[in-house]
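Naming convention: chains lettered A, B, ... in sequence-line order (proteins, then strands); numbering from 1 in each chain.
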There are 2 protein chains.
Amino acid sequence: MSVTIKDVAKLADVAPSTVSRVIANNPRISEKTKRKVKEAMDYLGYHPNFNARSLANRSTQAIGLVMPSSADKAFQNPFFPEVIRGISTIAHEQEYALYMSTGNTEDEIFEGVVRMVQGRRVDGIVMLYSRVDDRIMCYLQEQKFPFTVIGKPFKNAESITHIDNDNFKAAQEMTEYLISLGHERIGFVGGNLNLVVTIDRLLGYEKAIRNAGLPYKDEYIVHEEFLKEGGQEAVKELLALKDPPSALLVIDDVMSFGVLSTLNELGVSVPDDISLLSFNNVMLSELSSPSLTSVDINIFKLGYEAAKGLLECIQCPEKEAKRVVVPFQLIERQTCSKVSGK
Amino acid sequence: MSVTIKDVAKLADVAPSTVSRVIANNPRISEKTKRKVKEAMDYLGYHPNFNARSLANRSTQAIGLVMPSSADKAFQNPFFPEVIRGISTIAHEQEYALYMSTGNTEDEIFEGVVRMVQGRRVDGIVMLYSRVDDRIMCYLQEQKFPFTVIGKPFKNAESITHIDNDNFKAAQEMTEYLISLGHERIGFVGGNLNLVVTIDRLLGYEKAIRNAGLPYKDEYIVHEEFLKEGGQEAVKELLALKDPPSALLVIDDVMSFGVLSTLNELGVSVPDDISLLSFNNVMLSELSSPSLTSVDINIFKLGYEAAKGLLECIQCPEKEAKRVVVPFQLIERQTCSKVSGK
DNA sequence: TTGTAGGCGTTATCAC
DNA sequence: GTGATAACGCCTACAA
């Protein structure tokens, strides 16, 4: 059917192994035959068959991506395209392809990962999220299959290469920033408590509150689904308090959109009545009105480094696990202001 | 290294070919040996190697996705996660995996596609966009490689299975809707003119304008990059006219966010001063304030049908190309109102 | 420097 | 029903 190494060999009048060597750019092959073979390849339009190569080679030149459940709201977050952009940049440089696993349920996703791993469809995996007690991560560790994680593994973090922001510190600093603006009643709007990032940021928030000698109130902490309903619920709960917060630390820009929209419906003005500071600085965060003050966590770099780390794992399995910390930076826009009257 | 069909065969005391038949669920195999083999597989934790299977089979059980350049702003559009959700739903049902090709430049992407195709890494391809004179599409046609397109191919549309909304009709109806609200000065904010969808919607818009006997003014038609800068430019141009539009038909929700934010900065009120109607109804469109009136184009279904069509192409290559039209529906929210004084 | 031969893990085609 | 055996397309000792 399609052109194989043998066809090329025949035309160039050499052995198939010679052609193979030319492809691999084997140094001990004469320039002359190299040229001859290359001409034949061009002439026939030869392209190596990757499956055959993988089989002989035991390497697929592909890396697998594990995303959250596509039924999950988080899937729609612009975080993912951006992180994939980072991953694909380095994948391209090294001629790796991307293999995706999605599914509507946890089981589907798990099963997809098993197929990737056992079927030897990929050389390694990047986990695009980190959650508490993750089945997939346990499985990959058991199998000793190369993988890296974006975010901090809940346990065994030392033995797993992972790429993360210092979320604890980030949340702490941001809370301090709000405090420096005069806020003393600061709410925390978190997402899924299964996600390690939620936990880290919550702890950082708590630290700052306690350091400042402010009361740490449970009723200021809310965890909700993303988006509309979540944002709505969260906001309503918080505003219903006798002493509602004057500032909110929100874990994700998209969630902030929901919060913003709900506040707007309720006629609460941002930032005059309430300040909003969130994380991620996704592309759209400058487009809301008011535009979001947000922490740029450098999503692209998270992806880039995660893939880079993975390729290192694959290429030198002996190398020990490492932790890469990607810096963050506050982008001040329009949703934070000094507390009124100060 | 890992357990193979031979190990299973040995343990179950049968020939490798028998094991293979059990895997394939070959009917003419005795229940007894079937059970015996399955036990052995379970015991050893056997999983078939996909590469070997592909090689023998000439089928990879994977489909390739071609996205726009990740340097492109469009890449960040929530359209893509949603369309991928549709694709992966049916892919999962039939145990197909997803293979992704991205890149920062057109050349990179093209090269990635060539690798997918020639390297036999996938059985077929879904193009996630359709643009005028697309190199990749030409290539796939030349190679007679199975593929489907989301959107309408610019040429040879009859011979390519594609899944599309009736964008001409949609734009026409939406323009008529704005006219029915009393608007007579309606602007069109389009994206890249290379995209077929832009062209179709522009033509539908024109049709409605002419049908209504309204003047078709070139200065009401603006094409810009997505997002902030694009939206800003577009809006400024339009508002600078002696007779600025009272309503805008915007080709994409994300672009609408940009428009909305710019209008807001300029102190122009939506929908009181100007109405906004856009396309896609992405998840975030209800979160802006005011929330977007938008045409739901059923992105999930576009993806689902595209993958379904592709699997049909792959499974019965003889079948002729078809066009699937996915219905659309106006979702009325807060950005459209009757023209003031009517 | 190049050719020969065997193997990577499956499936498919014969036989029996 | 089941077992040999030859592909599938490529890589890699080993030999020459």
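Note: Asp134(A) CG to Phe154(A) CZ = 11.5 Å, rounded to the nearest 0.5 Å. To the nearest 0.5 Å, atom CD of residue Glu108(A) and atom OG of residue Ser88(B) are 8.0 Å apart. With rounding to the nearest 0.5 Å, the separation of NE2 in His92(B) from CD1 in Ile87(B) is 13.5 Å. The structure places CG of Leu311(A) at 10.5 Å from SG of Cys316(A), a figure rounded to the nearest 0.5 Å.
Nearest nucleotide to the Ile5(B) side chain, out of dT2(C), dG9(D), dT11(C): dT11(C). Closest to the side chain of Thr18(A), out of dT2(C), dT11(C), dA12(C), is dT2(C). Considering only the side chain of Ser20(A), dC11(D) comes nearest among dT11(C), dC11(D), dT10(C).
In summary, Arg115(A) and Glu111(A) engage in a salt bridge, as defined by a charged side-chain N under 4.0 Å from a carboxylate O. Ion pairing between a basic and an acidic side chain is recognised when a charged N comes within 4.0 Å of a carboxylate O; Glu82(B) and Arg85(B) show such pairing.
Put simply, CD on Gln118(A) is 17 Å from C1' on dT10(C), counting in whole angstrom units. Between Asn57(B) atom CG and dC8(D) atom P the separation is 14 Å, expressed in whole Å. The CG atom of Leu55(A) sits 6 Å away from the C1' atom of dG9(C) (whole-angstrom rounding). Computed from coordinates, the Asn51(A) CG to dG7(C) P distance equals 22 Å when rounded to whole Å. Rounded to an integer number of Å, the gap from Arg58(A) CZ to dG9(D) P is 20 Å.
Partners of Asp133(A) according to the salt bridge (charged side-chain N to carboxylate O under 4.0 Å, His left out) rule, which considers only residues two or more places apart in sequence or in another chain, are Lys155(A).
Here Ser17(B) does not reach the OP1 or OP2 of dG3(D): none of its side-chain N or O atoms lies under 4.0 Å away.
The environment of NZ in Lys10(A) is sparse: at most 12 heavy-atom neighbours from other residues, nucleotides or ligands sit within 6.0 Å.
Contacts between residues 6-15 of chain A and DNA chain D, defined by a heavy-atom separation below 4.0 Å, involve no residue at all. Near DNA chain D, meaning a heavy atom under 4.0 Å away, the residues from residues 26-50 of chain B are Arg28(B), Ile29(B), Ser30(B), Thr33(B).
Side-chain atoms of Arg21(B) and base atoms of dG3(D) include a donor and an acceptor less than 3.5 Å apart.
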One pair to check against side chain to side chain donor-acceptor pair (under 3.5 Å): Gln141(A) and Asn156(A). What are the steps and the verdict? CA-CA 10 Å; Gln141(A) 277 210 292; Asn156(A) 302 329; 3.0 Å; yes
